[in-house]
Protein chains: 2
Amino acid sequence: MVEHSITIQEVAKRAGVSQTTVSRVLNNKDEITAETRARVIRAIEQLGYVPNPIARGLVTNHTAMIGFVVSDITNPFLADVARGILHTAASHHYSLSIFMTENEPQREVQAIRFLISRRVDGLIVTPRESDEGNRLILNMAAHGHPFVLIGRHVSHPRVSTVSTSTAAGAYKATSYLLSLGHRRIAHIQASPRMGYGRGKLRGYTEALQEYGLQVDPDLIVASDFSIEDGQRASERLLRLSTPPTAIFATNDLTAIGAIMAIEAAGLRIPEDLSVVGFDDIIFARSTRPPLTTVSQPALKIGEAAAETLLQMIRTPNMPTQEMILDCDLVIRQSTSPPRSR
Amino acid sequence: MVEHSITIQEVAKRAGVSQTTVSRVLNNKDEITAETRARVIRAIEQLGYVPNPIARGLVTNHTAMIGFVVSDITNPFLADVARGILHTAASHHYSLSIFMTENEPQREVQAIRFLISRRVDGLIVTPRESDEGNRLILNMAAHGHPFVLIGRHVSHPRVSTVSTSTAAGAYKATSYLLSLGHRRIAHIQASPRMGYGRGKLRGYTEALQEYGLQVDPDLIVASDFSIEDGQRASERLLRLSTPPTAIFATNDLTAIGAIMAIEAAGLRIPEDLSVVGFDDIIFARSTRPPLTTVSQPALKIGEAAAETLLQMIRTPNMPTQEMILDCDLVIRQSTSPPRSR
DNA sequence: AGCTTAACCGGAAGCGATTTCGGAAGCGTT
DNA sequence: AACGCTTCCGAAATCGCTTCCGGTTAAGCT
């Protein structure tokens with residue numbers, strides 16, 4: 001249905017040269033007289049010729065497409081990561097193909113397979129972590145497909161990682177709460193099926209231990225990365241016989257859920273309960289009170305991921321990159337010393 | 001670098017048939033004996049063969065990719081639209097290529113050109129509206145490329161539209177404020193460079209006129225679709241000699257900005273000032289007070305857009321579709337009668 | 001038995017680019 | 001004048017698939 005678009009042949013004919021020559025000026029290879037080059041360029045412009053990347057891809061085995069498999073584009077943090085990827089991909093004339101897994105384990109595998117069958121030149125994946133997924137990644141990497149993983153690690157020369165120091169971030173957050181005087185600090189943890197939460201738990205634990213505190217398993221609850229689930233998790237916490245005086249949530253979405261649950265219970269933040277989140281999404285500023293949280297450079301993560309992926313595509317035996325970006329505690333008004341000691 | 005992947009030839013050899021036959025079972029065309037078909041399928045499975053869509057695309061002139069040009073994937077409303085598109089695209093084995101314009105006029109044109117040069121089978125675009133963009137869309141549609149536009153209209157047999165009754169939604173919102181007793185109702189309008197705000201202004205105006213009120217140009221301010229810009233716009237409103245008692249914002253982002261500005265000015269919501277937004281993003285629930293807003297079925301918009309695009313791709317001379325979905329006022333706690341009359 | 005027809009399958013062309021190989025022309029050197 | 005190098009360009013093969021056209025075989029009909 002789409003009308004015939006002009007081919008390299010027609011350009012060649014018009015310029016009075018061979019396809020070979022046209023191809024050469026297109027990819028400016030080899031030497032070509034300034035004059036013929038000019039003639040070809042003129043023909044290209046007159047005809048409005050645009051090379052067909054499909055045909056090109058067939059022979060070069062490159063598509064100039066990268067794939068992004070993401071759990072949930074609706075999470076503002078991940079949307080920002082996507083924006084970063086989009087930026088650098090576009091600036092390198094790469095297109096981005098997105099696939100959402102909605103946190104369903106087997107859909108990660110499905111996504112990777114799908115995008116590879118579409119012949120993307122490389123893949124960025126975040127953030128689930130399943131054994132099956134890791135196996136597939138390893139397998140595909142062994143077949144030469146480059147990967148960059150965000151926030152998780154797989155050991156193979158064709159897979160790089162960009163992540164953030166989430167453990168350090170969690171440590172900062174928890175320490176801050178401790179320094180305010182809190183002793184019963186709950187942690188809303190990423191549910192095991194999300195992968196991804198190990199570092200934060202470690203940072204949380206270390207901070208507590210440094211203060212000579214035991215971690216109380218009652219104070220650790222699992223949640224999906226959503227407001228609703230954060231709400232549910234917090235309700236469980238509030239029902240405890242001796243509830244926490246502070247909640248450290250695995251991300252801002254769950255923290256927002258916590259805020260809503262706390263408010264619904266008729267308690268006040270931060271007077272009755274402090275809460276801190278993770279990610280510093282834009283909406284962390286618009287809660288009441290504004291959310292204390294650990295910021296992650298989402299845009300930079302995306303850009304870095306895309307940048308290293310493009311490098312890996314360009315140079316096949318590049319050594320694996322391991323980039324770790326910093327997290328910073330940003331203190332707003334959802335935290336204060338506990339009411340009574 | 002990517003290892004050689006097996007081709008249809010090897011499958012054919014292994015199954016002891018011709019490529020033609022393999023191709024036929026792949027696309028289940030023509031008649032093939034159950035027995036040969038089984039043999040071919042077995043060969044495919046044994047070899048783990050996956051057809052190369054690049055090669056296929058070269059001859060069929062279809063890529064099974066659709067393009068999505070979006071102003072800002074970071075806007076939760078648009079992220080939800082994207083999710084809807086992703087859903088139905090994936091379920092039809094189409095992949096989605098996303099391009100962001102960041103609301104820069106010329107980048108819309110760039111995005112459309114880019115995606116078409118990549119040979120996508122069709123395009124979904126939202127929401128900017130520039131003359132140049134419209135011209136290009138018209139031009140490309142005339143070349144047979146199918147489009148579906150979200151929230152805007154271009155008249156051509158190859159371009160369909162899915163939109164929402166924003167005028168009716170704005171009318172409901174404004175009427176509600178009027179019924180509460182408000183008379184000075186400001187409107188934060190989508191800045192002209194965003195396109196897209198005409199309907200809302202109309203609904204707003206009609207509601208006012210129905211109450212016998214003039215629209216006061218001082219009460220209409222323009223803003224980009226961001227929290228920050230909504231904040232700035234609201235600050236201007238608050239500096240008015242007789243400020244409004246209610247603000248109807250063009251979307252939830254600007255409404256959130258309004259809430260922040262109002263609070264920063266030491267005023268209370270809804271006692272001193274009511275605010276209503278548009279879209280009903282998830283974070284409209286997490287502001288304090290929760291935001292009264294007009295909901296739009298973002299997910300459905302995306303799904304409908306993708307669905308009609310796929311239909312247009314499948315049947316070249318399908319009549320244009322015009323789908324209009326409903327908006328509903330959802331009343332939360334950011335609105336109340338004005339303090340004094 | 002002989003002929004038509006339908007069912008099933010294969011050969012080869014072609015999609016639009018890149019790339020290999022080699023040829024022609026121009027130039028300097030001996 | 002002959003030779004060898006560059007420099008510039010073209011012919012043709014190739015990538016992996018679909019599709020057109022036609023051939024073979026078996027079934028059906030008279």
Side-chain angles (χ1 to χ4, degrees), chain A residues 1-41 43-44 47-65 93 116-121 144, chain B residues 1-41 43-44 47-65 93 116-121 144:
Chain A
M1 182 61 234
V2 174
E3 271 179 27
H4 162 79
S5 53
I6 45 182
T7 73
I8 200 172
Q9 301 240 28
E10 310 176 39
V11 175
K13 189 143 59 114
R14 173 141 196 160
V17 297
S18 72
Q19 316 180 34
T20 311
T21 303
V22 177
S23 171
R24 282 200 263 253
V25 343
L26 244 32
N27 307 289
N28 45 349
K29 285 195 181 176
D30 291 12
E31 305 103 61
I32 295 203
T33 335
E35 190 227 346
T36 23
R37 163 175 315 244
R39 225 173 43 236
V40 170
I41 289 180
I44 287 174
L47 296 171
Y49 167 71
V50 178
N52 183 331
I54 304 300
R56 171 179 293 175
L58 188 56
V59 22
T60 62
N61 224 3
H62 277 336
T63 52
M65 297 187 343
H93 303 286
I116 284 185
S117 83
R118 290 330 204 85
R119 277 10 186 216
V120 294
D121 290 339
Chain B
M1 182 62 233
V2 174
E3 270 179 28
H4 161 79
S5 52
I6 45 183
T7 73
I8 199 173
Q9 301 239 30
E10 311 176 41
V11 176
K13 189 144 57 109
R14 172 145 200 155
V17 298
S18 71
Q19 315 181 33
T20 311
T21 303
V22 178
S23 171
R24 282 199 265 252
V25 343
L26 245 31
N27 308 287
N28 47 350
K29 285 195 178 173
D30 291 13
E31 306 103 63
I32 294 203
T33 335
E35 190 228 344
T36 27
R37 159 170 323 235
R39 222 171 47 235
V40 170
I41 289 180
I44 287 175
L47 297 171
Y49 168 70
V50 178
N52 182 332
I54 303 299
R56 172 179 292 175
L58 188 55
V59 18
T60 62
N61 224 4
H62 277 337
T63 51
M65 298 185 344
H93 302 286
I116 285 186
S117 82
R118 290 326 204 84
R119 277 10 187 220
V120 294
D121 290 339

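Convention: sequence-line order gives letters A, B, ...; per-chain numbering from 1.
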_For atom CG of B:Asn61 and atom P of C:dG14, their distance in whole Å_ = 17 Å
*Does B:Lys29 place a side-chain N or O at less than 4.0 Å from the phosphate oxygens OP1/OP2 of D:dT18?*
no
*Would one find a side-chain N or O of A:Thr36 under 4.0 angstrom from OP1 or OP2 of D:dC9?*
yes
_Selection from D:dT18, D:dG10, C:dA17 that lies nearest to any side-chain heavy atom of A:Val59_ = C:dA17
*Quiz item: B:Arg119 side-chain donor-acceptor pair to C:dG16 base, under 3.5 Å*: no
_What is the distance, to the nearest angstrom, from the NZ atom on A:Lys13 to the P atom on D:dA11?_
14 Å
_Stepwise salt bridge (charged side-chain N to carboxylate O under 4.0 Å, His left out) check, B:Glu10 with B:Arg14_ = CA-CA 6 Å; B:Glu10 311 176 41; B:Arg14 172 145 200 155; over 6 Å; no
_When you compare the side chain of A:Thr36 with that of A:Val25, does any pair of heavy atoms fall below 4.5 Å?_
no
_Applying a 4.0 Å non-hydrogen cut-off, can you work out what B:Pro51 is touching in the nucleic acid: base, sugar-phosphate, or nothing?_
sugar-phosphate
_Residues which pass salt bridge (charged side-chain N to carboxylate O under 4.0 Å, His left out) with A:Arg24, listed by chain and number, not counting sequence neighbours_ = A:Asp30
_Nucleotide D:dT14, atom P - distance to NE2 of B:His4 in whole Å_ = 15 Å
*Specify the separation, in whole Å, of atom CD of A:Gln9 and atom P of D:dG10.*
13 Å
*Write down the distance between CD1 (A:Ile32) and P (D:dC9), rounded to a whole number of angstrom.*
6 Å
*Length of the line joining B:Asn28:CG and C:dC8:P, which is rounded to integer Å*: 14 Å
*Under 4.0 Å: is that the gap between some side-chain N or O of A:Asn27 and OP1 or OP2 of C:dT18?*
yes
_Whether B:Thr21 contacts C:dC9 is assessed here as follows: a side-chain N or O lying under 4.0 Å from the phosphate OP1 or OP2. Is that the case?_
no
*Closest nucleotide of DNA chain C for A:Arg24 versus for A:Thr7: which of these residues is on the 5' side?*
A:Thr7
*Would a 4.5 Å heavy-atom cut-off, applied to side chains only, mark A:Thr21 and A:Arg39 as touching?*
no
*How is A:Thr20 classified with respect to the nucleic acid when contacts are heavy atoms under 4.0 Å: base, sugar-phosphate, or nothing?*
base
_Whole angstroms only, please: what is the CD-P distance between B:Glu35 and C:dA7?_
19 Å
_Measuring to OP1 and OP2 of D:dG10, would you say a side-chain N or O of A:Ser18 lies under 4.0 angstrom away?_
yes
*Under 4.0 angstrom, heavy atoms only, what part of the nucleic acid is B:Val17 near: base, sugar-phosphate, or nothing?*
sugar-phosphate
*With the side chain of B:Thr33 defined as its heavy atoms from C-beta on, choose the nearest nucleotide among C:dC9, C:dG16, D:dG10.*
C:dC9
*Does the side chain of A:Ser23 get closer than 4.0 angstrom to OP1 or OP2 of C:dT18 through an N or O atom?*
yes
*asked:* Measure CZ/B:Arg37 against P/C:dC8 and give the value in whole Å, please.
replied: 10 Å
*asked:* Let's go through B:Ser23 and B:Thr20 carefully: what are the C-alpha distance in whole Å and the side-chain angles of both, what is the deciding distance for side-chain hydrogen bond (donor to acceptor under 3.5 Å, both in side chains) to 0.1 Å, and is it a yes or a no?
replied: CA-CA 5 Å; B:Ser23 171; B:Thr20 311; over 6 Å; no
*Quick one: closest heavy-atom pair of A:Thr7 and A:Tyr49, and the distance?*
C-CE1, 3.6 Å
